[in-house]
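All remarks here apply to the structure that follows.
Numbers for residues simply follow the sequence, beginning at 1. Computed from a predicted structure; not experimentally measured.
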Amino acid sequence: MTPFRSTPAGYVATWEPVEREVLARVARDVADLLSADSGLPEDAAESAEVAFTGVARVPRDPAVQRLLPDAHREDEEVAAEFRHLTQTDLAAGKVARLRGFAETVDPSVEPVTDPGDGDQVLVERDGAQDFAAALTDVRLVLAERLGLDDDGDVERLHDEVMSGLMSEDEDEHEDDGDPDEVSGFDAEQRVYWGGVFVAAGFAQESLMDELLADLRARRGTD
């Protein structure tokens with residue numbers, strides 16, 4: 001996976017076919033999870049106008065709770081009212097972005113026609129913020145599944161993935177293959193999903209760097 005770079009056509013990166021396939025699948029899985037656990041109508045993400053469908057349901061899945069958190073932690077009534085007024089639109093927007101992201105990167109939807117170009121992912125400028133937002137939501141769900149609660153957890157996971165080594169805690173389970181108590185993943189699964197988390201973060205960071213660079217350049221010419 002190469003970092004995104006700004007081109008006249010938009011933002012371009014080269015991803016391996018497996019990277020495109022995995023991230024497309026994960027994005028669709030997150031969209032399905034979010035849609036089901038938030039009580040979103042099946043056609044809500046397909047419609048430009050989302051009709052309110054009643055009292056919004058508080059998500060049960062901790063990962064979806066990260067995507068749709070309470071607006072006010074100290075006042076349950078305020079939090080419930082805000083969720084009542086905004087959750088349907090917010091969830092529908094997230095689902096639409098995730099599915100749009102999947103369509104953009106899925107190699108079966110956008111196959112490579114010229115092997116010399118590699119597997120290029122092109123993000124049009126007017127869709128770059130939605131693309132980055134979808135990566136954020138993917139990473140939030142993976143973070144919950146991996147038991148990442150703070151920057152320290154993220155840094156340790158990054159080191160594990162980059163080095164290919166297990167942490168000392170996981171090493172205790174090496175012989176019996178027991179899953180991690182926090183994430184429910186065994187060591188091999190943790191490295192795999194940790195790799196997906198790191199790859200999504202790398203793509204998101206490089207895209208945002210290019211977006212900010214373009215913004216600064218435009219301001220400099222105004």
Inset, instruction - Describe, in one word, how the ring planes of Phe131 and Trp15 are oriented to each other, choosing from parallel (under 30°), tilted (30 to 60°) and perpendicular (over 60°). - result: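 Geometry flag for Trp15 against Phe131: tilted rings.
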Tell me whether [X] contacts the main-chain N or O of [Y] through its side chain, where contact means a donor paired with an acceptor under 3.5 Å.
| X | Y | result |
| --- | --- | --- |
| Asp37 | Asp61 | yes |
| Arg20 | Val105 | yes |
| Glu19 | Glu16 | yes |
| Thr2 | Ala13 | no |
| Asp106 | Ala102 | no |

Inset, instruction - Check the pair Val121, Thr14 against side-chain contact (heavy atoms from CB on, under 4.5 Å), reporting the backbone distance first and the verdict last. - result: CA-CA 6 Å; Val121 175; Thr14 301; over 6 Å; no
Does [X] reach the side chain of [Y], with side-chain heavy atoms less than 4.5 Å apart?
| X | Y | answer |
| --- | --- | --- |
| Val196 | Val22 | yes |
| Glu144 | Leu140 | no |
| Val198 | Met162 | yes |
| Leu211 | Phe4 | no |
| Val64 | Leu33 | yes |
| Leu67 | Leu90 | no |
| Val26 | Trp193 | yes |

Legend entry - Over 12 foreign heavy atoms within 6.0 Å of CG, Asp151: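 Counting neighbours around CG of Asp151, 12 or fewer heavy atoms of other residues, nucleotides or ligands fall under 6.0 Å, so no.
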Supply the atom-to-atom distance [X] [atom1] to [Y] [atom2], rounded to the nearest 0.5 angstrom.
| X | Y | atom1 | atom2 | value |
| --- | --- | --- | --- | --- |
| Arg97 | Leu135 | CZ | CG | 11.5 Å |
| Leu68 | Asp137 | CG | CG | 8.5 Å |
| Met208 | Thr136 | CE | OG1 | 8.0 Å |
| Ser108 | Glu21 | OG | CD | 8.0 Å |
| Ser35 | Arg28 | OG | CZ | 14.5 Å |
| His158 | Leu148 | NE2 | CG | 12.5 Å |

Legend entry - Verdict with reasoning, Phe197 to Leu146, per side-chain contact (heavy atoms from CB on, under 4.5 Å): CA-CA 9 Å; Phe197 178 86; Leu146 289 162; 4.1 Å; yes
Legend entry - For Leu122 against Thr104, the heavy-atom pair lying closest together: O-CG2, 3.7 Å
Inset, instruction - Compare every heavy atom of Leu98 with every heavy atom of Ala134, then report the nearest pair and how far apart it is. - result: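 Scanning both residues, the minimum pair turns out to be O-CD2, 3.6 Å.
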Legend entry - Salt-bridge present (Asp159, Arg156; N to O < 4.0 Å):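 No salt bridge links Asp159 with Arg156.
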Legend entry - Salt bridge Arg99-Asp32, side-chain N to carboxylate O under 4.0 Å: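 A salt bridge links Arg99 with Asp32.
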Legend entry - Sequence-distant partners of Arg125, side-chain contact (heavy atoms from CB on, under 4.5 Å), two or more places apart: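 Per chain and number, Arg125 pairs via side-chain contact (heavy atoms from CB on, under 4.5 Å) with Ser6, Tyr11, Asp214.
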